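Here the structure is a predicted model, which is why all the values come from computation and not from measurement.
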Amino acid sequence: MVTIKRLWNDYKHFALLSLYGVLYLWFYYLERTVVPEYDMFSPLDHKIPFIKEFVIPYLFWYIYMAFGFVYLGIVSKKDYYRLFLFMFIGMSVCYAVYGIFPNGQSLRPVITGDDIFSRTMKYIYATDTPTNVAPSIHVLNSIAIHIGLMGYEPFKKNRGLKLVSLIIMVTISASTVLVKQHSILDGIWAIALSIVLYVGIYVVPDFIGERKEVGVENTKASVSTQKGI
(Lines give C-alpha, C1' and ligand atoms only; values in the text may rest on other atoms or scores of the structure.)
Protein backbone atom coordinates (compact mmCIF):
# COMPACT_ATOMS: atom_id res chain seq x y z
CA MET A 1 0.00 0.00 0.00
CA VAL A 2 2.83 2.34 0.91
CA THR A 3 4.60 1.49 -2.34
CA ILE A 4 1.50 2.27 -4.42
CA LYS A 5 1.03 5.59 -2.62
CA ARG A 6 4.67 6.45 -3.15
CA LEU A 7 4.46 5.60 -6.84
CA TRP A 8 1.35 7.75 -7.19
CA ASN A 9 3.05 10.70 -5.48
CA ASP A 10 6.14 10.31 -7.66
CA TYR A 11 4.40 9.81 -11.00
CA LYS A 12 0.90 11.29 -10.70
CA HIS A 13 1.94 13.92 -13.26
CA PHE A 14 1.49 11.23 -15.92
CA ALA A 15 -2.26 11.57 -15.32
CA LEU A 16 -2.04 14.77 -17.38
CA LEU A 17 -1.76 12.60 -20.47
CA SER A 18 -5.44 11.72 -20.06
CA LEU A 19 -6.22 15.22 -21.37
CA TYR A 20 -5.07 14.05 -24.77
CA GLY A 21 -8.27 12.03 -24.81
CA VAL A 22 -10.11 15.34 -25.19
CA LEU A 23 -7.89 16.26 -28.12
CA TYR A 24 -8.54 12.86 -29.69
CA LEU A 25 -12.29 13.42 -29.51
CA TRP A 26 -11.83 16.86 -31.05
CA PHE A 27 -9.79 15.40 -33.91
CA TYR A 28 -12.28 12.56 -34.34
CA TYR A 29 -15.03 15.15 -34.75
CA LEU A 30 -12.99 17.17 -37.26
CA GLU A 31 -12.15 14.08 -39.31
CA ARG A 32 -15.84 13.35 -39.76
CA THR A 33 -17.19 16.84 -40.25
CA VAL A 34 -14.58 18.99 -41.98
CA VAL A 35 -14.92 19.26 -45.75
CA PRO A 36 -11.65 20.61 -47.21
CA GLU A 37 -11.93 23.96 -48.95
CA TYR A 38 -8.23 24.54 -49.44
CA ASP A 39 -5.85 22.14 -51.18
CA MET A 40 -2.38 22.25 -49.65
CA PHE A 41 0.06 22.16 -52.54
CA SER A 42 3.43 23.55 -53.54
CA PRO A 43 5.29 22.98 -56.84
CA LEU A 44 8.02 21.45 -54.67
CA ASP A 45 5.65 18.60 -53.83
CA HIS A 46 5.94 17.28 -57.39
CA LYS A 47 9.72 17.22 -57.07
CA ILE A 48 9.59 15.12 -53.92
CA PRO A 49 9.45 11.38 -54.73
CA PHE A 50 7.14 8.87 -53.12
CA ILE A 51 9.28 6.44 -51.11
CA LYS A 52 7.13 3.79 -49.47
CA GLU A 53 9.96 2.59 -47.20
CA PHE A 54 9.71 5.86 -45.29
CA VAL A 55 6.55 4.50 -43.73
CA ILE A 56 8.93 3.06 -41.10
CA PRO A 57 10.03 6.44 -39.66
CA TYR A 58 6.49 7.73 -40.22
CA LEU A 59 5.16 5.08 -37.83
CA PHE A 60 8.20 5.32 -35.54
CA TRP A 61 6.72 8.70 -34.59
CA TYR A 62 4.51 6.93 -32.04
CA ILE A 63 7.50 5.32 -30.33
CA TYR A 64 9.44 8.59 -30.35
CA MET A 65 6.55 10.43 -28.67
CA ALA A 66 6.06 7.71 -26.06
CA PHE A 67 9.78 7.65 -25.27
CA GLY A 68 9.94 11.43 -24.87
CA PHE A 69 7.05 11.59 -22.43
CA VAL A 70 8.03 8.55 -20.38
CA TYR A 71 11.72 9.49 -20.20
CA LEU A 72 11.15 13.12 -19.20
CA GLY A 73 8.31 12.13 -16.89
CA ILE A 74 10.74 9.94 -14.96
CA VAL A 75 13.86 12.10 -14.93
CA SER A 76 12.57 15.70 -14.96
CA LYS A 77 9.08 16.89 -14.07
CA LYS A 78 9.95 20.43 -15.20
CA ASP A 79 10.87 19.29 -18.71
CA TYR A 80 7.90 16.91 -18.79
CA TYR A 81 5.49 19.78 -18.03
CA ARG A 82 7.08 21.98 -20.67
CA LEU A 83 6.81 19.21 -23.25
CA PHE A 84 3.19 18.64 -22.29
CA LEU A 85 2.38 22.33 -22.74
CA PHE A 86 4.19 22.49 -26.07
CA MET A 87 2.29 19.56 -27.53
CA PHE A 88 -1.10 20.22 -25.94
CA ILE A 89 -1.19 23.89 -26.94
CA GLY A 90 0.32 23.11 -30.34
CA MET A 91 -2.21 20.41 -31.16
CA SER A 92 -5.07 22.60 -29.93
CA VAL A 93 -3.94 25.38 -32.26
CA CYS A 94 -3.71 22.91 -35.14
CA TYR A 95 -7.24 21.63 -34.54
CA ALA A 96 -8.55 25.18 -34.34
CA VAL A 97 -6.87 25.92 -37.68
CA TYR A 98 -8.46 22.81 -39.22
CA GLY A 99 -11.87 24.13 -38.21
CA ILE A 100 -11.30 27.71 -39.34
CA PHE A 101 -9.20 26.89 -42.41
CA PRO A 102 -10.50 23.48 -43.57
CA ASN A 103 -7.74 21.95 -45.63
CA GLY A 104 -6.63 18.74 -47.26
CA GLN A 105 -4.27 17.39 -49.90
CA SER A 106 -4.47 15.37 -53.09
CA LEU A 107 -0.91 14.10 -53.41
CA ARG A 108 -1.42 10.42 -52.69
CA PRO A 109 -0.32 8.08 -55.48
CA VAL A 110 -2.08 4.89 -56.51
CA ILE A 111 -0.23 2.04 -54.82
CA THR A 112 -0.15 -1.19 -56.80
CA GLY A 113 2.58 -3.14 -55.00
CA ASP A 114 1.88 -5.98 -52.59
CA ASP A 115 5.03 -5.88 -50.46
CA ILE A 116 4.85 -5.07 -46.75
CA PHE A 117 5.59 -1.38 -47.27
CA SER A 118 2.92 -1.03 -49.94
CA ARG A 119 0.36 -2.87 -47.85
CA THR A 120 1.15 -0.69 -44.85
CA MET A 121 0.75 2.47 -46.92
CA LYS A 122 -2.55 1.21 -48.33
CA TYR A 123 -3.79 0.65 -44.78
CA ILE A 124 -2.72 4.13 -43.67
CA TYR A 125 -4.38 5.73 -46.70
CA ALA A 126 -7.57 3.78 -46.00
CA THR A 127 -7.78 4.67 -42.31
CA ASP A 128 -6.41 8.23 -42.33
CA THR A 129 -8.24 10.66 -44.59
CA PRO A 130 -6.18 13.26 -46.54
CA THR A 131 -7.83 16.08 -44.60
CA ASN A 132 -6.79 18.30 -41.67
CA VAL A 133 -3.17 18.32 -42.76
CA ALA A 134 -1.84 21.85 -42.20
CA PRO A 135 -0.11 22.33 -39.83
CA SER A 136 1.30 18.81 -39.69
CA ILE A 137 0.84 17.20 -36.27
CA HIS A 138 3.55 14.67 -37.16
CA VAL A 139 6.11 17.43 -37.71
CA LEU A 140 4.93 19.57 -34.80
CA ASN A 141 5.13 16.75 -32.25
CA SER A 142 8.46 15.47 -33.54
CA ILE A 143 9.95 18.92 -33.05
CA ALA A 144 8.31 19.13 -29.62
CA ILE A 145 9.90 15.87 -28.46
CA HIS A 146 13.34 16.87 -29.70
CA ILE A 147 13.14 20.29 -28.06
CA GLY A 148 11.85 18.68 -24.87
CA LEU A 149 14.75 16.26 -24.73
CA MET A 150 17.23 19.04 -25.46
CA GLY A 151 15.80 21.01 -22.55
CA TYR A 152 17.00 18.32 -20.14
CA GLU A 153 20.66 19.20 -19.51
CA PRO A 154 22.10 15.66 -19.05
CA PHE A 155 20.53 14.60 -22.37
CA LYS A 156 21.62 17.80 -24.11
CA LYS A 157 25.23 17.32 -23.01
CA ASN A 158 25.37 13.81 -24.47
CA ARG A 159 26.39 14.40 -28.10
CA GLY A 160 25.45 10.88 -29.17
CA LEU A 161 21.89 11.06 -27.79
CA LYS A 162 21.48 14.59 -29.11
CA LEU A 163 22.49 13.52 -32.61
CA VAL A 164 20.25 10.44 -32.56
CA SER A 165 17.25 12.51 -31.47
CA LEU A 166 17.95 15.11 -34.17
CA ILE A 167 18.20 12.44 -36.87
CA ILE A 168 14.95 10.82 -35.72
CA MET A 169 13.15 14.18 -35.66
CA VAL A 170 14.36 15.14 -39.15
CA THR A 171 13.66 11.70 -40.60
CA ILE A 172 10.13 11.58 -39.23
CA SER A 173 9.43 15.07 -40.53
CA ALA A 174 10.82 14.15 -43.96
CA SER A 175 8.73 10.97 -44.03
CA THR A 176 5.50 12.99 -43.98
CA VAL A 177 6.18 14.29 -47.48
CA LEU A 178 8.00 11.20 -48.77
CA VAL A 179 4.97 8.97 -48.13
CA LYS A 180 2.68 11.74 -49.46
CA GLN A 181 0.75 12.18 -46.26
CA HIS A 182 1.51 15.90 -46.28
CA SER A 183 2.44 18.76 -48.54
CA ILE A 184 5.70 20.50 -47.74
CA LEU A 185 3.53 23.50 -46.82
CA ASP A 186 2.08 21.51 -43.91
CA GLY A 187 5.57 21.04 -42.51
CA ILE A 188 6.43 24.71 -42.93
CA TRP A 189 3.31 25.70 -41.01
CA ALA A 190 4.24 23.24 -38.26
CA ILE A 191 7.78 24.63 -38.05
CA ALA A 192 6.45 28.20 -37.79
CA LEU A 193 4.08 27.20 -34.99
CA SER A 194 6.89 25.31 -33.23
CA ILE A 195 9.08 28.42 -33.24
CA VAL A 196 6.33 30.46 -31.56
CA LEU A 197 5.73 27.76 -28.95
CA TYR A 198 9.45 27.31 -28.30
CA VAL A 199 9.91 31.02 -27.63
CA GLY A 200 6.83 31.20 -25.40
CA ILE A 201 7.44 28.01 -23.39
CA TYR A 202 11.23 27.77 -23.25
CA VAL A 203 13.04 30.98 -24.21
CA VAL A 204 10.93 33.59 -22.41
CA PRO A 205 10.51 31.68 -19.09
CA ASP A 206 14.23 30.81 -19.03
CA PHE A 207 15.15 34.44 -19.69
CA ILE A 208 12.84 35.66 -16.91
CA GLY A 209 14.22 32.99 -14.56
CA GLU A 210 17.80 34.04 -15.27
CA ARG A 211 16.93 37.69 -14.67
CA LYS A 212 15.36 36.80 -11.32
CA GLU A 213 18.42 34.77 -10.30
CA VAL A 214 20.70 37.67 -11.18
CA GLY A 215 18.48 40.02 -9.17
CA VAL A 216 18.56 37.73 -6.14
CA GLU A 217 22.34 37.38 -6.35
CA ASN A 218 22.79 41.16 -6.63
CA THR A 219 20.51 41.65 -3.63
CA LYS A 220 22.51 39.13 -1.57
CA ALA A 221 25.76 40.80 -2.62
CA SER A 222 24.40 44.20 -1.65
CA VAL A 223 23.25 42.94 1.75
CA SER A 224 26.65 41.31 2.37
CA THR A 225 28.42 44.52 1.46
CA GLN A 226 26.23 46.56 3.81
CA LYS A 227 26.90 44.12 6.64
CA GLY A 228 30.60 44.36 5.96
CA ILE A 229 30.37 48.11 6.25
Starting from Ile100 and following side-chain heavy-atom contacts under 4.5 Å between hydrophobic residues (I, L, V, M, F, W, Y), which residues can be reached? none
Verdict with reasoning, Lys156 to Asp79, per salt bridge (Lys or Arg N to Asp or Glu O under 4.0 Å): CA-CA 12 Å; Lys156 183 179 181 180; Asp79 293 296; over 6 Å; no
Are any of the side-chain heavy atoms of Thr120 and Leu59 separated by less than 4.5 Å? yes
Might you point out which heavy atoms bring Leu197 and Gly90 nearest each other, and give the distance in Å? CD1-CA, 3.6 Å
Ile191: which residues meet the side chain to side chain contact (heavy atoms under 4.5 Å, CB included) condition with it, sequence neighbours left out? Val139, Ile143, Ile195
hydrophobic_cluster_shared for Phe67 and Ile56, side chain cutoff 4.5 Å: yes
Please walk me through it: do Ile124 and Tyr58 pass side chain to side chain contact (heavy atoms under 4.5 Å, CB included)? CA-CA 10 Å; Ile124 292 174; Tyr58 184 81; 4.2 Å; yes
Provide the full list of side-chain hydrogen bond (donor to acceptor under 3.5 Å, both in side chains) pairs with a residue in residues 61-74, sequence neighbours left out, each pair given once. Tyr64-Ser165
Validation row: Val97, Pro135 side chains within 4.5 angstrom (heavy atoms): yes
Check: His182 side chain, Val133 main-chain N or O, donor-acceptor pair, under 3.5 Å: yes
Sub-6.0 Å ring centroid separation between Phe14 and Tyr80: yes
Treat each ILVMFWY residue as a node, draw an edge where side-chain heavy atoms are under 4.5 Å apart, and state whether Leu25 and Val93 are in one component. no
Given side chains that start at C-beta, do those of Pro36 and Asn103 come closer than 4.5 Å, heavy atoms only? no
Please determine whether residues Ile208 and Val199 belong to a single hydrophobic cluster, defined as Ile, Leu, Val, Met, Phe, Trp and Tyr linked transitively by side-chain heavy-atom distances below 4.5 Å. yes
Distance in Å, Lys47 NZ paired with Ile184 CD1, rounded so as to fall on 0.5 Å steps: 12.0 Å
Qualifying residues under side chain to side chain contact (heavy atoms under 4.5 Å, CB included), relative to Lys77, sequence neighbours excluded: His13, Tyr81
Beyond-backbone contact of Phe41 with Leu185, side-chain heavy atoms, under 4.5 angstrom: no
Looking at every heavy atom in both Leu149 and Phe155, which two are closest together, and how far apart are they? O-CB, 3.5 Å
Assess whether atom CZ of Arg159 is packed by more than 12 heavy atoms of other residues, nucleotides or ligands within 6.0 Å. no
Test side chain to side chain contact (heavy atoms under 4.5 Å, CB included) applied to Pro205 - qualifying residues, sequence neighbours left out: none
Report whether Tyr98 and Phe101 are members of the same hydrophobic cluster (ILVMFWY, side-chain heavy atoms less than 4.5 Å apart, transitive linking). yes
Minimum side-chain heavy-atom gap Lys52-Val55 below 4.5 Å: no
Would you say Lys122's side chain and Gly113's backbone share a donor-acceptor pair under 3.5 angstrom? yes
Taking atom CD1 of Ile51 as the centre, does the number of heavy atoms from other residues, nucleotides or ligands within less than 6.0 Å exceed 12? yes
Answer whether the closest heavy-atom distance between the side chains of Trp26 and Val22 falls below 4.5 Å. no
Rounded to the nearest 0.5 Å, what's the gap from OG on Ser194 to CD1 on Ile147? Could you check? 6.0 Å
To the nearest 0.5 Å, how far apart are CG in Leu23 and OG in Ser92? 4.5 Å
Audit row: Tyr11, Ile74, side chain to side chain contact (heavy atoms under 4.5 Å, CB included) steps and yes/no: CA-CA 7 Å; Tyr11 302 112; Ile74 293 174; 4.3 Å; yes
Joint cluster assignment, Leu166 & Ile168, ILVMFWY side-chain distance < 4.5 Å: yes
Indicate yes or no: at least one non-hydrogen side-chain atom of Asp206 is less than 4.5 angstrom from one of Arg82. yes
Would you kindly say whether Asp115 and Ser118 are connected by a side-chain donor-acceptor distance under 3.5 Å? yes
Minimum-distance pair of heavy atoms, taken over all atoms of Ser136 and Thr176: OG-CG2, 4.3 Å
When rounded to the nearest 0.5 angstrom, what distance separates OG in Ser106 from CE in Met40? 11.5 Å
List for me each residue that meets side chain to side chain contact (heavy atoms under 4.5 Å, CB included) alongside Ala174, sequence neighbours excluded, and say none if there are none. Leu178
Does a sphere of radius 6.0 Å around CZ in Phe50 hold more than 12 heavy atoms from other residues, nucleotides or ligands, not counting ones at 6.0 Å or beyond? yes
How many angstroms lie between CG in Leu30 and CZ in Phe27, if you round to the nearest 0.5 Å? 7.5 Å
Quick one: does any side-chain atom of Gln181 pair with a main-chain N or O of Tyr125 as donor and acceptor, under 3.5 Å? no
Strictly distance-based, threshold 3.5 Å: is any side-chain N or O of Ser76 a donor or acceptor partner for the main-chain N or O of Leu72? no
Give, for atom CG of Leu85 and atom CD1 of Ile89, the distance between the pair rounded to the nearest 0.5 Å. 5.0 Å
Side chain to side chain contact (heavy atoms under 4.5 Å, CB included) between Ile172 and His138, worked out: CA-CA 8 Å; Ile172 290 175; His138 246 70; 4.0 Å; yes
Without swapping roles, check the side chain of Lys180 against the backbone of Asp45 for a donor-acceptor pair under 3.5 Å. yes
Between Asn132 and Glu31, is there a side-chain donor-acceptor contact under 3.5 Å, judged purely by atom types and distance? yes
Is the backbone N or O of Arg6 less than 3.5 Å from a side-chain atom of Asn9, with the two atoms forming a donor-acceptor pair by type? no
Working for side chain to side chain contact (heavy atoms under 4.5 Å, CB included), residues Leu193 and Cys94: CA-CA 9 Å; Leu193 176 56; Cys94 286; 3.9 Å; yes
Side chain to side chain, Phe86 and Leu140, heavy atoms closer than 4.5 Å: yes
Measure centre to centre between the rings of Phe84 and Tyr20, then say whether the value is under 6.0 Å. yes
